[in-house]
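Everything below concerns the one structure shown next.
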Number of protein chains: 2
Amino acid sequence: MERVAIIGSSMTQFGQRDAWILDLLSEAGLECLEDAGVDAADVEHLYVSNMASGEFEGQTGVMNAVAQDLDAVPAYTQRIDQTSSSGGAGIYAAWQSVASGASDMTLLVGGEKMTHKTTGEATDVIASLTHPAEYKHGVTLPSFAGLTARHYLERFDAPRESLAKVAVKNHKNGVDNPNAQFRKEVDLETVLESPIVADPLRLYDFCPITDGSAALMLCPESVAREYTDDYVVISGIDGATDTHVVHEREDPTVMGGVVESGEGAYEMSGRGPDDIDVAELHDMFTILEFLQMEGLGFAEQGEAWKLVEEGYTERDTGELPINTSGGLKSKGHPLGASGVAQAVEIYEQLMGEAGPRQVEADVGLCCNVGGFGNCVITTIMEAAQ
Amino acid sequence: MERVAIIGSSMTQFGQRDAWILDLLSEAGLECLEDAGVDAADVEHLYVSNMASGEFEGQTGVMNAVAQDLDAVPAYTQRIDQTSSSGGAGIYAAWQSVASGASDMTLLVGGEKMTHKTTGEATDVIASLTHPAEYKHGVTLPSFAGLTARHYLERFDAPRESLAKVAVKNHKNGVDNPNAQFRKEVDLETVLESPIVADPLRLYDFCPITDGSAALMLCPESVAREYTDDYVVISGIDGATDTHVVHEREDPTVMGGVVESGEGAYEMSGRGPDDIDVAELHDMFTILEFLQMEGLGFAEQGEAWKLVEEGYTERDTGELPINTSGGLKSKGHPLGASGVAQAVEIYEQLMGEAGPRQVEADVGLCCNVGGFGNCVITTIMEAAQ
């Protein structure tokens, strides 16, 4: 089967934006059309990753509005929701549309508008993705993160500072990302002395609430060559669920969806953890970066913290730079956009377009986590030969 | 490329249900697993068509909950929203998942829970799918239907009774559907004397607000043969948008999305309008049945009403039975379920399992309309040879 290529990308300014969801989606969509050099009339499928425009803005049907805004009618369109992994699910859907032969040119736009809500209101929408059996007892995603972090640190004898170092690293990377929400370094003390949110996790262990969007253009490799000599291929992609009721999992430090989707993506691509040169992991909470490093085979169980301590994941000096974009932590986390923006970073790294964030990379990976690992999509991308 | 088969289906009781969305989705999912004879552990992808569980019930992440409920973890899951055509979009997504090789067994479940809301509340959620440029002026889907119906009747010199006959026919068919919301015949006078909603359309020109769900099991044809000798294949499927701002369309009686998606599905299947033996059309409003008959080539523009008058679309005596299930009109319209339930009816017709509704059919078609034709999916299904 012919490989699926990515021939263009875009990402808007993340942060607090004076724009509603349709504006954000169209902004990324237009920029991606331009970046790919594709005419809107040639877009056959248009996928919109968005978790909750109805809940956040009382506006649904945004995919149809974007199709018209971009002048892409009669392109087929659909909204994709996989909660916080809606962006990764969008990549999988766009990949399927091309691989199945249904579309020879698929534009994927992911976005969310959240900051006009209070933190409490936004958190309520996000919490509605958890199982009522847990939600009605007051358990939310941050509390799962706190409980898991405590368990991890105690069980694996890891220092609290190792978690804080994830935040420090990702903030440092984000300084060089012009579209990041927070372009400022933070030091260990700032993280360790920030207000407690879910003990032992503190404010700087969490990603912010964000507006923003990102986009990718996908097509069969044969079509890609009509547009450009330089492109990226998706060599492996898979998605998987874990139990929706989080407390039913056997081992709270193992995210089954990460393991399963990673294995699927590795198998499809013929790659393994050692082949990955750069990765974007879903650092909605610092502890998640450890769990994904371990679930994806970059570290043995209980040992990711050591790699972070050793600088293994640093951008300019580490063997496996993780979250060169700044991650969700400093770049921000507009739900439907985040998985797409991860792939935009890997695309730019593989194309050599990452500017001051550039690392040496031929093979990259993104891992987009929905809920607390309730559903996960792993994507492996490679520079075309 | 190998064809995509349907090897099982289910549909719950439609109507006012004392169950929340997760119960409804799981009910259809479990019945479909049983109908197909497939073990939940063998489901690789699980798609959930649902427009608005967050808006209707404050509950998101339902696809992950269903995966656990059905014991299908770690199957990959995703929610699909294409407003009122979410079900059809789900069929297209499920088809793509199989045709791309991503999944060898895909369960599609569509459902919506709406009746716990007042009609006003439910209508507000539905109206949020329209473009704000029109919505803020008070235009809603029923008003589009009224304006279009008035234009159609005047321009094509069609009698008001011809629209009412669509409602009479579909209610008559619904009597024989045990899962229909309204199993009662209505006569012409009842339709013509019911309260005006959007002149000239009256209450009985509209579908009701409904709870319910439906499901389909899709797999490659080679896998289908491991389970059964009798199955159905999707021989053609396509989706297309029209302008999201409805008043910008050149001809209000032509739904571009119907025409485009129909042409795509015909081309893919090598079939034409004359090959279709039975069809389920999206009769959210009676006028839509005319517009789809014309857009899909069953009638010339402005002449569908004549075919209805002549009895051409009657179930037991017509040449092309339309909405043998009772249609959205009598069966009900739980948004995310409707497109799936259309295909369930065609599946049962092609399998010879439609009981008292059975017609002679080897090739069937469903047309699922989102918004006011903002996005449309047309699917052609055939009994396997």
Side-chain angles (χ1 to χ4, degrees), chain A residues 1 22 45-46 51-52 54-55 58-61 63-69 72-83 86 89 92-93 95-102 124-126 128-132 237-245 248 256-257 260-261 370-371 374-375 377, chain B residues 1 22 45-46 51-52 54-55 58-61 63-69 72-83 86 89 92-93 95-102 124-126 128-132 237-245 248 256-257 260-261 370-371 374-375 377:
Chain A
M1 193 171 66
L22 178 54
H45 284 202
L46 167 59
M51 174 179 166
E55 293 87 332
Q59 182 69 47
T60 62
M63 53 287 179
N64 297 326
V66 174
Q68 173 158 8
D69 239 36
V73 172
Y76 173 66
T77 183
Q78 184 198 298
R79 181 171 74 107
I80 289 148
D81 163 35
Q82 191 12 275
T83 68
S86 296
Y92 202 12
W95 180 88
Q96 289 174 43
S97 78
V98 173
S100 67
D124 275 351
V125 172
I126 297 168
S128 74
L129 68 83
T130 57
H131 197 284
I237 186 162
D238 198 17
T241 43
D242 200 340
T243 62
H244 189 54
V245 181
E248 290 181 6
E260 292 274 348
S261 67
N374 305 32
C375 185
I377 298 98
Chain B
M1 193 171 66
L22 179 54
H45 284 202
L46 167 59
M51 174 177 166
E55 292 89 331
Q59 182 69 47
T60 63
M63 53 287 178
N64 297 327
V66 174
Q68 173 158 9
D69 239 36
V73 172
Y76 172 66
T77 184
Q78 183 199 298
R79 180 171 74 109
I80 288 148
D81 163 34
Q82 194 7 276
T83 69
S86 297
Y92 201 13
W95 179 89
Q96 289 174 42
S97 79
V98 174
S100 67
D124 276 348
V125 172
I126 297 168
S128 74
L129 68 83
T130 57
H131 197 283
I237 186 163
D238 197 18
T241 43
D242 201 340
T243 62
H244 190 53
V245 181
E248 290 181 4
E260 292 274 348
S261 68
N374 305 30
C375 186
I377 298 98

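In this text, all values refer to a predicted model and were calculated from it rather than measured experimentally. All values below were derived from every heavy atom in this structure, side-chain atoms included, with hydrogens, water molecules and symmetry-related copies excluded. Here is the naming used below: chain letters follow the sequence lines, and residue numbers restart at 1 for every chain.
- Taking the side-chain hydrogen bond (donor to acceptor under 3.5 Å, both in side chains) definition, one finds that A:Gln68 meets it with B:Glu248, sequence neighbours left out.
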Evaluate the side-chain contact (heavy atoms from CB on, under 4.5 Å) criterion for residues A:Thr60 and B:Glu55: first the C-alpha distance (whole Å), next the side-chain angles of each, then the deciding distance (0.1 Å), finally the verdict. CA-CA 10 Å; A:Thr60 62; B:Glu55 292 89 331; 3.3 Å; yes

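- Proximity to chain A is absent for every atom of B:Ser261, based on heavy atoms less than 4.5 angstrom apart.
- Only the side chain of B:Ile377 comes within less than 4.5 Å of a heavy atom of chain A; its backbone N, CA, C and O stay farther away.
- Heavy atoms of B:Leu46 lying under 4.5 Å from chain A are absent altogether.
- Evaluation of the side-chain hydrogen bond (donor to acceptor under 3.5 Å, both in side chains) rule for A:Ser97 yields A:Thr106 as partners, not counting sequence neighbours.
- Residue contact with chain A, scored on non-hydrogen atoms closer than 4.5 Å, is absent for B:Ala52.
- Heavy atoms of B:Val66 lying under 4.5 Å from chain A are absent altogether.
- For the atom pair OH (A:Tyr76) and SG (B:Cys375), the distance works out to 5.5 Å, reported to the nearest 0.5 Å.
- Put simply, the side chain of B:Gln82 gets close to the backbone of A:Thr77: a donor and an acceptor are under 3.5 Å apart.
- Heavy atoms of A:Glu260 lying under 4.5 Å from chain B belong exclusively to its side chain.
- With a threshold of 4.5 angstrom between heavy atoms, A:Thr130 approaches chain B through N, CA, C or O but not through any side-chain atom.
- Proximity to chain A (any heavy atom under 4.5 Å) is shown, for B:Gln78, by both the backbone and the side chain.
- Without hydrogens or angle criteria, A:Gln96 side chain to B:Gly101 main chain gives no donor-acceptor distance under 3.5 Å.
- Side-chain contact between B:Met63 and A:Thr83: present, with at least one pair of heavy atoms (C-beta onward) separated by less than 4.5 Å.
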